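A short write-up of the structure that comes next.
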Amino acid sequence: METRDLILIEHFCANHEIEFSFFNSLNEFGLIKIIVQEDNKYLHQEQLKEVEKMMRMHYDLNINMEGIDVIFLLLNRIHNLQDELRITQNKLKLYDNED
């Protein structure tokens, strides 16, 4: 994996003035995946948007890791249900157009 797609967690923490333990907690709860290369810990850039949401929940709204875990589980379920609904609506449109 190329490091150009990775963000060094140490730099991210320094720039955002947060503790590295926050990332360890997210990783322990399975909310993010930490990539280790040559004794450095990285975050893939695709996870950045989600991590920023989790940071706001934790630091601005004082939501603990368990709460963040539940919120993201429910958001994922909602997203999946919306996808299923969209697929079902598209199938129904096909049958409506046949008449």
Side-chain angles (χ1 to χ4, degrees):
M1 182 177 296
E2 294 185 35
T3 56
R4 67 184 172 112
D5 295 336
L6 303 177
I7 299 166
L8 187 61
I9 295 175
E10 184 179 325
H11 289 159
F12 187 88
C13 290
N15 289 337
H16 290 83
E17 299 178 355
I18 61 171
E19 297 289 325
F20 190 85
S21 60
F22 176 72
F23 282 91
N24 284 333
S25 297
L26 293 176
N27 189 50
E28 287 173 10
F29 274 88
L31 295 168
I32 64 167
K33 181 180 176 188
I34 293 178
I35 300 163
V36 179
Q37 289 184 355
E38 300 175 9
D39 294 330
N40 291 315
K41 295 184 179 184
Y42 296 93
L43 176 69
H44 197 279
Q45 68 181 10
E46 291 177 357
Q47 299 181 88
L48 189 58
K49 184 178 176 183
E50 300 297 317
V51 167
E52 289 174 340
K53 287 180 188 177
M54 292 176 206
M55 282 175 43
R56 284 191 299 276
M57 287 180 192
H58 183 69
Y59 291 105
D60 295 344
L61 302 175
N62 294 319
I63 298 174
N64 62 17
M65 289 298 149
E66 291 84 359
I68 293 171
D69 188 28
V70 169
I71 289 168
F72 273 82
L73 175 69
L74 292 174
L75 288 172
N76 190 34
R77 285 186 184 174
I78 289 170
H79 178 73
N80 290 339
L81 287 170
Q82 287 173 332
D83 287 345
E84 287 180 32
L85 179 60
R86 191 172 13 266
I87 290 168
T88 302
Q89 287 174 333
N90 288 339
K91 286 180 181 178
L92 285 173
K93 286 178 185 176
L94 284 173
Y95 290 113
D96 282 346
N97 290 337
E98 289 181 359
D99 293 336

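Treat the numbers as computed from the prediction; the structure is a model and nothing was measured. Along the sequence shown, residues are numbered consecutively beginning with 1.
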*Looking at residues at least two apart in the chain, or sitting in another chain, which of them share a ring pair (Phe, Tyr, Trp, His ring centres under 6.0 Å) with Tyr59?*
Phe22
*Partner of Ile32 under side-chain contact (heavy atoms from CB on, under 4.5 Å), chosen from Asn24, Asn27, Leu48*: Asn27
*Who pairs with Lys53 by side chain to side chain contact (heavy atoms under 4.5 Å, CB included), at least two apart in sequence or on another chain?*
Lys49, Glu50, Arg56, Phe72
*With sequence neighbours excluded, what pairs up with Gln45 under the side chain to side chain contact (heavy atoms under 4.5 Å, CB included) test?*
Asp5, Ile7
*Which heavy-atom pair separates Phe20 from Cys13 by the least distance, and what is that distance?*
CA-SG, 3.8 Å
*By side chain to side chain contact (heavy atoms under 4.5 Å, CB included) - contacts of Ile63 (at least two apart)*: Met57, Leu61, Ile68, Ile71
*Straight-line distance of His58 NE2 to Ile18 CD1, nearest 0.5 Å*: 9.0 Å
_Distance check, rounded to the nearest 0.5 Å: Leu75 atom CG versus His79 atom NE2?_
10.5 Å
*Under the salt bridge (charged side-chain N to carboxylate O under 4.0 Å, His left out) test, which residues partner Asp83, sequence neighbours left out?*
Arg86
*Quick one: do Lys91 and Ile87 satisfy side chain to side chain contact (heavy atoms under 4.5 Å, CB included)? Show the steps, please.*
CA-CA 6 Å; Lys91 286 180 181 178; Ile87 290 168; 3.9 Å; yes
*Hphob cluster co-occupancy, Ile34 + Phe29, side-chain heavy atoms under 4.5 angstrom*: yes
_Residues that, via side-chain heavy atoms closer than 4.5 angstrom, fall in one hydrophobic cluster with Val70_ = Leu74
*Measure the spacing between CG of Leu81 and CG of Asn76 and express it to the nearest 0.5 Å.*
9.5 Å
*Apart from Leu92 itself, what residues make up its hydrophobic cluster, given side-chain heavy atom links below 4.5 Å?*
none
_Tell me which pairs pass salt bridge (charged side-chain N to carboxylate O under 4.0 Å, His left out) where either residue lies in residues 21-38, with sequence neighbours left out._
none
*What closest approach, in Å, do Leu43 and Ile9 show between heavy atoms, and which atom pair accounts for it?*
N-CG1, 3.8 Å
*Applying ring pair (Phe, Tyr, Trp, His ring centres under 6.0 Å), name anything that partners His16, two or more places apart in sequence or on another chain.*
Phe12
_Point-to-point distance, once rounded to the nearest 0.5 Å, from CG of Leu26 to CD of Gln47_ = 9.5 Å
*Who passes side chain to side chain contact (heavy atoms under 4.5 Å, CB included) against Asn64, sequence neighbours left out?*
Glu66
*Could you tell me which residues satisfy side chain to side chain donor-acceptor pair (under 3.5 Å) with Arg77, sequence neighbours excluded, listed by chain and number?*
none
